[in-house]
Amino acid sequence: MTAELVEIPDYIAGTWTIDPLHSGVGFTVRHLMVSKVRGRFGTFEGTVVTGDDPLRSEVTATIDVASVDTGNAQRDEHVRSADFLDVEKYPQMTFRSTGVRAAGDGFVLDGELSLHGVTKPVSLDLVVEGFGPDVFRQDDPFKGARAGFTATGEISRLEFGVGDAATVPGGKLGLGEKIEIVLEIEAVLRTD
């Protein structure tokens with residue numbers, strides 16, 4: 001059996017640095033099972049290595065969990081506390097890819113997520129948004145070719161030991177178990 005060649009328009013193999021100014025790490029969780037709360041992490045870094053074969057690409061990322069922002073300072077402090085993320089004890093969340101596979105019109109990025117002292121396998125649906133040339137000013141500290149990716153998925157906060165399974169009257173969870181993840185990543189090709 002021969003492997004299918006994966007073709008991506010304007011594809012560039014290389015090592016890329018995630019540009020935090022043009023990227024976002026967001027999440028959504030249900031509250032009282034009647035609404036959703038959205039949040040983001042403001043401080044993160046990472047590297048994408050696009051292989052000569054796109055299916056041999058790799059991703060590593062580190063997120064400062066204390067940088068959580070849900071739009072409400074009081075709630076953010078509670079999320080940072082030992083009740084949830086416990087940022088004093090577990091200051092970082094990390095992701096390391098273990099593989100990329102084709103799936104329909106896109107890809108799946110498999111990896112290991114370490115959060116709250118627990119490491120679990122996680123699969124993210126991956127869309128390659130595109131590759132572009134260096135179109136920035138010469139004095140731009142982030143000058144270089146650009147690549148864009150969107151990754152989405154879902155994790156169980158309880159499997160990572162984040163929060164508890166407390167219920168409200170009627171037996172529903174006060175905070176949903178599933179966390180929806182949305183990563184909008186723009187990365188800059190390293191030239192060094």
Mind checking the CG-CH2 spacing from L189 to W16? Nearest 0.5 Å is all I need.
4.5 Å
Indicate the ring-plane relationship of H78 and F84, choosing parallel, tilted or perpendicular according to the 30° and 60° boundaries.
perpendicular
Is the shortest heavy-atom distance from the side chain of V108 to the side chain of D125 under 4.5 Å?
yes
Keeping the roles fixed (side chain from R80, backbone from A66), state whether a donor-acceptor pair exists under 3.5 Å.
yes
Under 4.5 Å between any side-chain heavy atoms of F107 and S57, yes or no?
no
Test of understanding: clusters of I, L, V, M, F, W, Y form through side-chain heavy atoms closer than 4.5 Å, transitively. Do F41 and L113 belong to the same one?
yes
Could you tell me if S156 and E177 have a donor-acceptor pair between their side chains, going purely by distance under 3.5 Å?
yes
Side chains of T152 and E180: does their closest heavy-atom pair fall under 4.5 Å?
no
In L183, T47, L109, the residue satisfying side-chain contact (heavy atoms from CB on, under 4.5 Å) with V59 is L109
So, do V37 and R75 sit near enough that their side-chain heavy atoms are less than 4.5 Å apart?
yes
Looking only at atom types and distance, does a side-chain atom of S23 sit under 3.5 Å from a main-chain N or O of E186, one as donor and one as acceptor?
yes
Applying the 4.5 Å side-chain criterion to the ILVMFWY set and letting contacts propagate, would I12 and V100 be lumped into a single cluster?
yes
Using the ring of each side chain (for Trp, its six-membered ring), is F149 parallel, tilted or perpendicular to F131, with breaks at 30° and 60°?
perpendicular
Scanning both residues in full, the closest heavy-atom pair of A13 with D52 reads CB-OD1, 3.5 Å
Once you round to the nearest 0.5 Å, how far does NE2 of H31 lie from CG of L175?
7.0 Å
Under a 4.5 Å side-chain heavy-atom rule over Ile, Leu, Val, Met, Phe, Trp and Tyr, are V122 and Y90 clustered together?
no
Tell me whether R157 contacts the main-chain N or O of V29 through its side chain, where contact means a donor paired with an acceptor under 3.5 Å.
no
Here the gap from L124 atom CG to T150 atom OG1, rounded to the nearest 0.5 Å, amounts to 11.5 Å
When rounded to the nearest 0.5 angstrom, what distance separates CD in E77 from CG in N72?
10.5 Å
side-chain contact (heavy atoms from CB on, under 4.5 Å) between V118 and K120, worked out
CA-CA 7 Å; V118 177; K120 295 262 184 197; 3.8 Å; yes
Take S97 and E58, measure what side-chain hydrogen bond (donor to acceptor under 3.5 Å, both in side chains) needs, and give me the verdict at the end.
CA-CA 6 Å; S97 66; E58 301 174 359; 5.9 Å; no
Compute whether any side-chain donor of one residue and acceptor of the other, for E45 and T62, lie under 3.5 angstrom apart.
no
Minimum-distance pair of heavy atoms, taken over all atoms of A102 and L55:
N-CD2, 3.8 Å
CZ of R190: more than 12 outside heavy atoms within 6.0 angstrom?
yes
Report yes if the side chains of D110 and R101 come closer than 4.5 Å at any heavy-atom pair, otherwise no.
yes
Nearest 0.5 angstrom please: D53 CG to Y11 OH, how far?
7.5 Å
Testing the basics here: between T119 and S114, what is the closest heavy-atom pair and its distance to 0.1 Å?
OG1-OG, 2.6 Å
CG of D164 to CG of L158: how many Å apart, nearest 0.5 Å?
8.0 Å
State whether the side chain of T50 and the backbone N or O of G14 hold a donor-acceptor pair below 3.5 Å, judged by distance alone.
yes
Work out which heavy atom in G42 is nearest to a heavy atom in R40; give both atom names and the distance.
CA-NH2, 3.9 Å
Under a 4.5 Å cut-off applied to non-hydrogen side-chain atoms, are V188 and R146 in contact?
yes
Would V128 and V182 show up in the same hydrophobic cluster when neighbours are defined by side-chain heavy atoms closer than 4.5 Å?
no
Side-chain touch L85/F160, heavy atoms, less than 4.5 angstrom:
no
Check: V68 and V87 side chains under 4.5 Å, non-hydrogen atoms:
no
